[in-house]
Amino acid sequence: MAVLVYTENWNGNFKKLSYELVSYAHSIAKSIGSQVVCLTVGNVSNENLQLLAQYGASKVLVCKNADLEKFTTQSYSSLIAKAAETEKAKVLIFASNASGEALAPRVSVKLSASMVSNAVGVPTSVEPFVVRKKAYSGKAFADVVLDAPVKVLTLTQNAYKVEENPQNLNIEDFQYQVDSADLKMLPSEIIKSDGKLSVSDAEILISGGRGLKGPENWGMVEEMAQILGAGTCCSRPVADLGWRPHYEHVGQTGKVVAPNLYIAIGISGAIQHLAGVNGSKVLVAINKDPEAPFFDSADYGIVGDAFEVIPQLNEAFRKFKAQQ
Amino acid sequence: MKVLICIGHVPDTTSKIKFIENDTKFNTTDIQYIIGPHEELVLTRLLDLRDAGNNMNITAITVGLAETENTLRKVLAMGADDAIRVNAEPTNAFFVAQQIAGVVKNGNYDLVITGKESIDYNSGQVAGMLAELLNFPSINTASKLEIQGEKLIFERETDLGKEVIEGVKPMIVSAGKGFAIEPRIPNMRGIMMSRKKSLAVLEPTQNGANTKIEKFYLPQPKGKCKMVATDNVPELVRLLHEDAKII
Ligand SMILES: Cc1cc2nc3c(=O)[nH]c(=O)nc-3n(C[C@H](O)[C@H](O)[C@H](O)COP(=O)(O)OP(=O)(O)OC[C@H]3O[C@@H](n4cnc5c(N)ncnc54)[C@H](O)[C@@H]3O)c2cc1C
Ligand SMILES: Nc1ncnc2c1ncn2[C@@H]1O[C@H](COP(=O)(O)O)[C@@H](O)[C@H]1O
């Protein structure tokens, strides 16, 4: 019996999200009297694998297979289902990210499991197994009962705190034969992004709205992001107008984000925008209109012209960082 | 090419969310229902491709009770060729996927496509479950579709960049933003024509919901917003550091 975590790696590295998953899995494993087993694909150094043990993994299965160098939903989900059967996994955990969201539903059907996506916390009860998830695009939460013997969960990023739970790690080579039928839709081309911090990975996001008037004014937004080591994003009209790339669009119909800090500049705070960002720990609104609805949801606000406020704020952030 | 697009019938994005019966049920009073915004953009792209001369028959499917027919009529008015309603309450994603899988098995569809997620359940599961039930290859959250001759070329964003993937029929895809920017608005002619288009009603084939919503919660209301004056901007930095302890 195990709690199996699909710990994706990015060119052999894990990230904070991986440790969130393992910490979360460890907490569930404790409550059901089981252990955390991770599964990862490709070459990862022993040093990096040991990091998983730091957060609660007792075992890691490493699958090295040339057929898995490129991702297909079918090949990876078959592999994960196989590992789950071998380890007699009771609970499987994935990230709510591009690959986790693709794999978890397929795996859940293979294992006749019950599935919940976008979980925001550990089970509120294990017998019956009840997990809280986001619903209505962040406007509400739902407690969901998972009836089947095997449970599959995807965990919202930044919803569970990374916790140290050092274990002795057992590293195993996981032998797996890929079925050629699972390799039908291999990517024909992989285009690497420019290395900017992705909207979903950022712990701080600086977001700009139509109040910034035009793409030429994003310099100060980028500058703030750079000072704080933050990512940048935007409201929907800004992406629709082509001022910013589409992947920066956050909200109900864009990316749903939940950073520690979200700074909204020149964004009115429409309900569809807030739906995608109200999971953030701290919200800051900067808007020249004191009646902007964003102030009703924000923790901190400045009523003022962004073109005057932001340069001053950048200066203050820079000073603060220099003192740290 | 035969395409099946899965359409959710969801509360309008401006809806105030409230619950009744001890927070076990969504309060539908005063709620307007709309086509799921992700699949609305997907449909827009498919219609544009078809109207540009690609040989395509577009069928829309909803798993839902009679009230969802208004939503399907709107889909027909936008330009879908015909529609199917599976007459059942969509209790969870697995149940919905099972119903749609039953229809796909009898339909010879080349492409079955869904939105990336429903804006009420936010599960993002229907496409993957459907793919597994049918044993079709699948792509999740595709961000672009082009047609080159007989080929369907998709793009999908990943954490490291993006992938270009050529479809292999029959396949399942989930998608949304990126397929189109603005949804197509039905015109008068479309609305007139939609009344003559076929909307078939099928009975559910299986019942396999294996999750159940026990209770809903609304988020904790925020405390009052702390305001910082424009002549004291550095105060915000202090607050974020000392009060919120977030930087
Ligand atoms: C189906 C549907 C889905 C949607 N999904 C999304 C979504 O996912 N994400 C999203 O963001 N929106 C979404 N929207 C759109 C949403 O309703 C709003 O129209 C949008 O969020 C507004 O963007 P904005 O705040 O940037 O622009 P505006 O509403 O135009 O607001 C601009 C703000 O900037 C302020 N401002 C102007 N000048 C300055 C200045 N010099 N300094 C400081 N402040 C200034 C103004 O006071 C105003 O509050 C959706 C809408 C629909 C119908
Ligand atoms: N009741 C339904 N009938 C038809 N399609 C649906 C239904 N519910 C969801 N879908 C489709 O599946 C996608 C993902 O839904 P979900 O898994 O609930 O997030 C939606 O964007 C729709 O395209």
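Throughout, a chain's letter reflects where its sequence line sits, starting with A, and its residues are numbered from 1.
Only the backbone of E166(B) comes within contact range of chain A, with heavy atoms under 4.5 Å apart. Looking at E155(B), neither its backbone nor its side chain comes within 4.5 Å of chain A, counting heavy atoms on both sides. Contacts between R156(B) and chain A at a heavy-atom distance below 4.5 Å involve the side chain alone, from C-beta outward. For chain A, the nearby part of P11(B) is the side chain; its heavy atoms alone come within less than 4.5 Å. Interface remark: I213(B) contributes backbone and side-chain atoms alike to the contact with chain A (heavy atom separation under 4.5 Å). Contact of F94(B) with chain A is made through the side chain alone, with heavy-atom distances under 4.5 Å. When heavy atoms are compared at a cutoff of 4.5 Å, K226(B) approaches chain A by way of both its backbone and its side chain. With a 4.5 angstrom heavy-atom cutoff, L236(B) touches chain A only via side-chain atoms. If you measure heavy-atom distances from K162(B) to chain A, the contacts under 4.5 Å come from both the backbone and the side chain. In this structure, chain A has no heavy atom under 4.5 Å from any part of E235(B). With a threshold of 4.5 angstrom between heavy atoms, L240(B) approaches chain A through side-chain atoms but not through N, CA, C or O. Using a 4.5 Å cut-off between heavy atoms, I139(B) contacts chain A through both its backbone and its side chain.
In this structure E157(B) satisfies the side chain to side chain donor-acceptor pair (under 3.5 Å) test with no other residue, sequence neighbours excluded.
Of residues 19-34 of chain B, those residues lying under 4.5 Å from chain A by any heavy-atom pair are F19(B), F26(B). Residues of residues 305-314 of chain A that come within less than 4.5 angstrom of chain B, heavy atom to heavy atom, are V309(A), Q312(A), L313(A) in numerical order. Close approach to chain B, defined as a heavy atom under 4.5 Å from one of its heavy atoms, is seen in K184(A), M185(A), L186(A), P187(A), S188(A), E189(A), I190(A), I191(A) of residues 184-191 of chain A, taken by number.
Side chains of T13(B) and Q252(A): a donor-acceptor N/O pair is absent below 3.5 angstrom, by distance only.
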